[in-house]
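Shown below is the structure under consideration.
Atoms within a ligand are numbered from 1 in the order they appear, just like the ligands themselves.
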Amino acid sequence: MHTVGETRYNHWFDGLALLHSFTIRDGEVYYRSKYLRSDTYNANIEANRIVVSEFGTMAYPDPCKNIFSKAFSYLSHTIPDFTDNCLINIMKCGEDFYATTETNYMRKINPQTLETLEKVDYRKYVAVNLATAHPHYDAAGNVLNMGTSIMDKGKTKYVIFKIPATVPEDKKGKNPLKHTEVFCSITSRSLLSPSYYHSFGVTENYIVFLEQPFKLDILKMSTAYIRGVNWASCLAFHKEDKTYIHIIDQRTKKPLPTKFYTDAMVVFHHVNAYEEDGCLLFDVITYEDSSLYQLFYLANLNQDFEENSRLTSIPTLRRFAVPLNVDKNAEVGSNLIELASTTARALKEKDDQVYCQPELLYEGLELPRINYAHNGKRYRYVFAAEVQWSPIPTKILKYDVLTKSSLKWGQEHCWPAEPLFVPTPDAKDEDDDFHITKWAIPSLILPLPQKSLPTLLGMLRRATRTMVGLSH
Ligand SMILES: CC1=C(/C=C/C(C)=C/C=C/C(C)=C/C=O)C(C)(C)CCC1
Ligand SMILES: [Fe+2]
């Protein structure tokens, strides 16, 4: 919802969250949607105007009261009280589902009815002011996520934390969030301007975190309200800086001592990461600048959209390779990657530094997804939206990282959203997706002579899946 009463949000990442649910049952898809009844939503509807600030829109709650007294109370907090308009993703935590954004708030939801339940403040369980909306899950369903703790006890840190899927027997019925554990913290290079990040990567034994020179200026953020500017204006890309690659060993819960880095870049989405012959490979969608956020101002969505909204840097899938055991005596300038599978390089430099040069895999894609059963492992397929010079996707893409070939789907007047990969129940192949027509033709009709009706009904029942997702 981009307008409330007479007021209008400025940016695509501001709109009031709409929950979507798709239920695939007996070869048919059922759809429902509901607005997330966040405190933000309720306050806006009650006031019949936007009263809570979002990423690209600064709002002033009390026009009748003295703006400066309100601004003063905002100023006395370095970190403002953020929105609970959880519009980015859905997180599963134990048996509970949460709508998430990147602030310290989440909203529990009922995945069946899409009703909005409790508001959860991450800060009650782990000291973070911001957290990603792209957590990872291990095979047992434990959540691994990370967030930024801003100027807590004089330090700004990136905090990696774990939320268990289940709570101990004697604590049955208790909220898994209460058992959140800090896994590892990394001190930010700068106290007042931590990196912005939207996701991170995991392999079987490691975590990959990119400390990129796309940074959130805390002083700007704490004065944004009084200056009348939005949060987005507090983010800046420093193209002269480096991107630091932190690799955390999950067994020791410590970062590797080698200082891995690459050129300045902006990454929103990690695609996947895995280990191969003593190296860690990770695939990310990279930009050469931060123009993407700029393009999503709704004012650009007019007739001249094509001209006004050309990306200045195309989203590109790149593969990085990091050597896990760096020989301190290796010659300066030598390439530490000897894998046949990639042309990515890692050049040894002095003072235990390693400069990583990626391999370019594919240009023009965003909103990547994989078959999550292959997360952290060798994999072959990326499902994404094709994005060329315009940020609005017109096609769905399936990219094969092995053969480097791709398949595309598009139709006139169709604008796909983020593809979600739903595997066929009992699938063997990585790309065996849950596909209605495919089910109706090869798997269901062809096996008819060999299979009894109850078996077929069983297959159908197992195939019933409920997907709950937000617009992104
Ligand atoms: C409100 C708010 C934020 C919100 C960020 C959002 C809403 C980001 C959405 C990103 C998406 C959808 C990216 C897709 O690739 C910040 C900057 C974390 C910090 C300041 C307060
Ligand atoms: Fe995302």
Do any pairs count as a salt bridge (charged side-chain N to carboxylate O under 4.0 Å, His left out) and have a residue in residues 224-237, sequence neighbours left out, and if so which ones?
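Qualifying pairs, neighbours excluded: none.
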Quick one: list whatever passes salt bridge (charged side-chain N to carboxylate O under 4.0 Å, His left out) with Lys215, sequence neighbours left out.
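Salt bridge (charged side-chain N to carboxylate O under 4.0 Å, His left out) check on Lys215 returns Asp241.
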Those atoms of ligand 1 less than 4.0 Å from some heavy atom in His269:
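Counting atoms of ligand 1 from 1, those under 4.0 Å from His269 are 15 (O).
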Between Ile370 and Tyr381, what is the shortest heavy-atom contact and its length?
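The pair with the smallest heavy-atom distance is CG2-O, 3.6 Å.
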For atom 6 (C) of ligand 1, which of Glu102, Glu366, His198, Glu418 has the closest heavy atom?
Glu102
Part of Leu367 within contact of ligand 1 (heavy atoms, under 4.0 Å)
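For Leu367, no heavy atom sits under 4.0 Å from ligand 1.
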I'd like to know whether the aromatic ring centres of Tyr293 and Phe13 sit less than 6.0 Å apart in this structure.
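Here the rings of Phe13 and Tyr293 have centres that are less than 6.0 Å from each other.
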What is the minimum heavy-atom distance between Asn85 and Thr40, and which atoms define it?
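Residues Asn85 and Thr40, closest heavy atoms: N-OG1, 3.9 Å.
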How many degrees, to 10°, between His134 NE2 and His198 NE2 as seen from the Fe ion (ligand 2)?
90°
Which of these, Tyr105, Phe55, Phe82, Trp231, has its nearest heavy atom closest to atom 17 (C) of ligand 1?
Phe55
Which one of Phe296, Tyr293, Phe268, Trp12 has a non-hydrogen atom at the shortest distance from atom 10 (C) of ligand 1?
Tyr293
